[in-house]
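What follows is a short report on a single structure.
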Protein chains: 2
Amino acid sequence: MSGTSTLSGAPECAPTDWPRIGDYLIARLKEAGVDHLFGVPGDYVLRFYDRLCRSEIRHIGTTREDTAAFAADGYARCRGLGALAVTYGVGALNVVNAVAGANAECSPVVVVSGAPGVAEQRDDPQLHHRFGPFRFQREIFERITVACAVLDDPYTALREIDRTLDAARRYSRPVYIELPRDRVDTPAFPIPRETPGWDPAADQAEGASDPEVLAEAVEETLTLLGRAQVPAILAGVEVHRRGLQDLLADFVRQARLPVAATLTGKSVVAERQPGYLGVYEGAMGPEGARAVIERADLLLLLGVTPNDIDLGINTARLDPARMVRAGQEEVWVHRHRFPRVHLRDFIAALATAVKPHPGPLPEVPGPLTAPDFPRPGAPMTMARLMARLNDFLTPDMQVVADSGDCLFAAVDLRVHERSEFLASAYYTTMGFGVPAALGAQVARPSRRPLVLVGDGAFQMTGTELSTAARLGLDPIVILCNNRGYTTERFILEGPFNDIADWRFHRLGELFGPLRGFLAPTEEAFEEALGAALAFRDGPSLIEVGLRPDDCSAALNRLGERLRAVVQDG
Amino acid sequence: MSGTSTLSGAPECAPTDWPRIGDYLIARLKEAGVDHLFGVPGDYVLRFYDRLCRSEIRHIGTTREDTAAFAADGYARCRGLGALAVTYGVGALNVVNAVAGANAECSPVVVVSGAPGVAEQRDDPQLHHRFGPFRFQREIFERITVACAVLDDPYTALREIDRTLDAARRYSRPVYIELPRDRVDTPAFPIPRETPGWDPAADQAEGASDPEVLAEAVEETLTLLGRAQVPAILAGVEVHRRGLQDLLADFVRQARLPVAATLTGKSVVAERQPGYLGVYEGAMGPEGARAVIERADLLLLLGVTPNDIDLGINTARLDPARMVRAGQEEVWVHRHRFPRVHLRDFIAALATAVKPHPGPLPEVPGPLTAPDFPRPGAPMTMARLMARLNDFLTPDMQVVADSGDCLFAAVDLRVHERSEFLASAYYTTMGFGVPAALGAQVARPSRRPLVLVGDGAFQMTGTELSTAARLGLDPIVILCNNRGYTTERFILEGPFNDIADWRFHRLGELFGPLRGFLAPTEEAFEEALGAALAFRDGPSLIEVGLRPDDCSAALNRLGERLRAVVQDG
């Protein structure tokens, strides 16, 4: 390759119409629906930031890098792709947990990391922000993303950008793009793009099922459905991540079947429609959904991932002999497997051919509500909080739950429209809520976030509300203050579960505009809720005072199980 | 190995006096001087926490995991070893940046991560907090630590604990210990310990120089010293990390030579002793030290690491032909190398044999002071702030600087005693200051931290002050509020350098006891300083209002250099 590049990496005699690497990356992100990019600047990424702020993508500065990644995750769940840009080392390594979470939760987040220039790296010098060999950062991200690229070579850079962005969308998982700072403005060889941005082999693997295998799987499933007396559907998170909610809704309507969602899949179906059972998660979930799902003589699992949370820490009682299970690229009927059948095709084929089930939809309890709220003098409890929120929620709100008891309690919430519930329900990282809600509201300004967060999680990332305040966003944060790590308390109590007392409702003293409320009683909460609803200039924060031993019904059940694992495991 | 272990990993018929893995780890940490351990609990590490809180090590709960790691880093720098314990995935991956920083900065931090039990992992299930194959977490930490161990095997667990803790101390770098939760209480085979905790081969490599090579290197160095007219010493960070400060002081006293420190090595020598030149960092540092160092006809570099910060972003002008450079395990005289000569032995031999230099010590400007402080009506500036702090500092204080301009400005501060200046001066991660000061004060309660931090860095981790407040610690935080990422502004200005306005001095509304002060003028600052000094019940925070274009002299010089690299690189 002698004579093909100069020291600075620019191919000699590059035609003037060759795109520059940084600009091409920005253009491809924009094309993929990324109108906003989150992050914190630093010297190795400043040149890219400079290009960015001359582009049509808007940069949203966050207070930390990990919150930028959580925000990009929330954005990705609403838009199909989210992105962040950070500096090398100190920036990128700060997002490892949040990106690993996006990987576990199948959220397509693009991490752009600046890096020392290719020329700067040549003699392997001790540059600031370095923590080991320069390649180690990429090697770390290889373990938490589905694809990585280092854009050091102008002859392959554009193809590498295409490849990684396509991988993010195809697998609905994060990707890592490292951009050495002396490559941002380098003209790059414009490799012709494959339309429509997917390569044919990938299409084969991803988009298209084997038609004969599909037909046989569908036929057998329909035969079983026709014979079943009390069939039911359990819908999971993959339906959401693949954008199959409309298809699923269509099938459910045609089939007239009752449907439950897993916790990680919560809100893949609208939660106030007839036949919706609620969340199923084994012995952890509400009894109504559990009875219907576990007694079904044919259970259709659509896009359900077999993780320990959704299976209620191994308390799910599901019998393969009465089950049809469709995953991303395969269908299992009882104990035999149909390979190369894609979830999208399978649901679509069922929707077309299914006959309405003749039986009545099962009667299950509807959402808990609290028509008598507020009861004078009554202290707040987790159960009453959720009941009240069920009445309060409107179709223009989306619920974002942080990890901890507020996640378990949210099982009892019923959102109005589909995909209005966001959580780190499987990876269960604390600190997800507030920053993810920032990303979600930037992505969908018409949806007002209702954020459920515990005191421990809020101490981790809650000050990111300052970015919401700066942007004039108006999330309503319900802070469940039970004074410590309550989920842990239910597993193993000790002084390590105590945390510092914060006067969370005074946060508006630190930055704003932000309105804070303290709500130890139902009356105070009711008043705060009304005031928060009316306040549109910035975030509202309602600190709900709870007893340390108050918790959701789900946590009571879960705690028992986890205690056994931790103490006897 | 059939028949050697039961499913739970406990060797069959383990004698009852075999130590349990968790208890052994705790005992070894305690023995190594770890009296406090930082961290956030989570279910995979709860069993270890349970053992911990029955031990003599005190657990210090932080608000986040990364701040626990910064605190452990600060603790390690004061005590020789620091430790934290976190849960799998969501906990451990949150400390990657802070631990990579400890690695870059050579700080011996022990990361204990809980993990799913060995039995739980067997069928490779989708457990919560999982982000990929279970081994990926260890593989990530292999890239940011000097040694890793997974304590899954009771036959090797104790030796693995010894090996990793020894490596942390020997190399003064972080290590990673993964403890599956079903191994915490498992009795383990008590492999006899090698005394004194080092293996002989390691002693050979680490402790002992080759006596003949040493003698030759020392002789040549002394000959050169004897001939030199204006010799000088430049001392670096390795002197601190190896605990050689006393040796160095001894040598400096015997030799009667002027001595400067690198920025990362700042405070390896007491900064108010005769002959101390200040910080040398090429064209970035103060002129007085630079002139003496660069004009020396023999320059002794002791424990200096050749990183870009210490070399003033390649503006250092040091001539190998006039240099003797001693690193960890080698000495270079001019352009020839003496292998197997250890820094400790080299300095010790020099101290024994050196003759006092006959020439006078060079005259360099002493610390900037501000006897006329406060000037009525004068707004605060970075330069005046440092000058005033030089008068304010007492021998019972230690300075902890966060990254950004307050780090560069701190070049002009002179601490009283050795090792009283802590910073992430090479890795330069933001958010280090407040949590590292927490660790430092827990480690040395008799030293009151004076924390220098910028507004951007404080937004990242400043709320960790709540832990200091909870523990009754009394750091004085000087928050330099110049409204944005000032270091970046000096490289490349753009809207991305603006950050949210916080009323930092109101932080005491959120938690306490904490006293906040707003100091836009010298008079207000003076008053605040007095009040902070008198307040001993919790942290004090003095928000110093600065103009966005005010900065240290060092940043002005550095910014010019960095601008060139970013824009033309």
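Here is how names work: the chains are called A, B, and so on, in the same order as the sequence lines, proteins then strands, and each is numbered from 1.
Of the two parts of B:Tyr485, only the side chain, counted from C-beta on, holds a non-hydrogen atom closer than 4.5 Å to a non-hydrogen atom of chain A. In this structure, the portion of B:Ile499 lying under 4.5 Å from any heavy atom of chain A is its backbone and not its side chain. Within the 4.5 angstrom heavy-atom criterion, atoms from both the backbone and the side chain of A:Tyr427 approach chain B. Both the backbone and the side chain of A:Ser466 come within less than 4.5 Å of a heavy atom of chain B. When heavy atoms are compared at a cutoff of 4.5 Å, A:Arg130 approaches chain B by way of both its backbone and its side chain. Looking at A:Pro125, there are no atoms closer than 4.5 Å to chain B (heavy atoms on both sides), in backbone or side chain. Only the side chain of A:Glu120 comes within less than 4.5 Å of a heavy atom of chain B; its backbone N, CA, C and O stay farther away. If you measure heavy-atom distances from B:Asp501 to chain A, the contacts under 4.5 Å come from the backbone alone.
We find the CG-SG distance between A:Leu492 and B:Cys53 to be 7.5 Å, quoted to the nearest 0.5 Å. Here the straight-line distance linking atom CZ of B:Arg506 with atom CG of A:Leu510 works out to 9.5 Å at 0.5 Å rounding. Between the CD1 atom of B:Ile491 and the CG atom of A:Asp43 there is a distance of 5.0 Å, given to the nearest 0.5 Å. Note that the CZ atom of B:Phe131 and the CD1 atom of A:Ile144 stand 7.5 Å from one another [nearest 0.5 Å]. Rounding to the nearest 0.5 Å gives a distance of 5.5 Å between CG of B:Leu93 and CG of A:Asn97. From B:His129, atom NE2 reaches atom OG of A:Ser403 across 8.0 Å, with rounding to the nearest 0.5 Å.
Taking chain B as the reference chain and counting heavy-atom pairs below 4.5 Å, the highest number among A:Ala500, A:Gly117, A:Gly132, A:Ala104 is found for A:Ala500. No other option in A:Gly456, A:Ala425, A:Pro306 has as many heavy-atom pairs under 4.5 Å with chain B as A:Pro306. Chosen from A:Ala100, A:Gly101, A:Ser424, A:Ala102, the residue pairing most often with chain B at heavy-atom distances under 4.5 Å is A:Ala100. Interface remark: of the candidates A:Leu127, A:Asn103, A:Ile313, A:Thr467, A:Leu127 forms the most heavy-atom pairs closer than 4.5 Å to chain B. Comparing A:Val95, A:Thr87, A:Ile140, A:Leu507 by heavy-atom pairs within less than 4.5 Å of chain B, the highest count is held by A:Ile140. Per-residue counts of heavy-atom pairs under 4.5 Å with chain A were compared for B:Gln459, B:Gln137, B:Arg470; the largest is that of B:Arg470. When the candidates B:Thr429, B:Asn307, B:Thr428 are compared by the number of heavy-atom contacts under 4.5 Å with chain A, B:Thr428 comes out ahead. Contact count versus chain B (heavy atoms, under 4.5 Å) is highest, among A:Phe504, A:Phe136, A:Phe141, for A:Phe136. Counting heavy-atom pairs under 4.5 Å between each of B:Gly494, B:Gly431, B:Gly89, B:Gly516 and chain A puts B:Gly89 at the top. Most heavy-atom pairs under 4.5 Å with chain A: of the set B:Ile309, B:Thr463, B:Thr67, this distinction falls to B:Thr463.
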Worked check of side-chain contact (heavy atoms from CB on, under 4.5 Å) between A:Val96 and B:Asn94: CA-CA 7 Å; A:Val96 170; B:Asn94 248 336; over 6 Å; no
Audit row: A:Gln126, B:Tyr426, side-chain contact (heavy atoms from CB on, under 4.5 Å) steps and yes/no: CA-CA 9 Å; A:Gln126 302 286 318; B:Tyr426 166 50; 3.4 Å; yes
Verdict with reasoning, B:Phe496 to A:Leu46, per side-chain contact (heavy atoms from CB on, under 4.5 Å): CA-CA 9 Å; B:Phe496 41 78; A:Leu46 274 182; 3.5 Å; yes
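Identified by a heavy-atom distance below 4.5 Å to chain A, the contributing residues of residues 57-66 of chain B are B:His59, B:Thr62, B:Thr63, B:Arg64, B:Glu65, B:Asp66, in residue-number order.
Between A:Arg143 and B:Glu139, at least one side-chain nitrogen of the basic residue sits less than 4.0 Å from a carboxylate oxygen of the acidic one, meeting the salt-bridge criterion.
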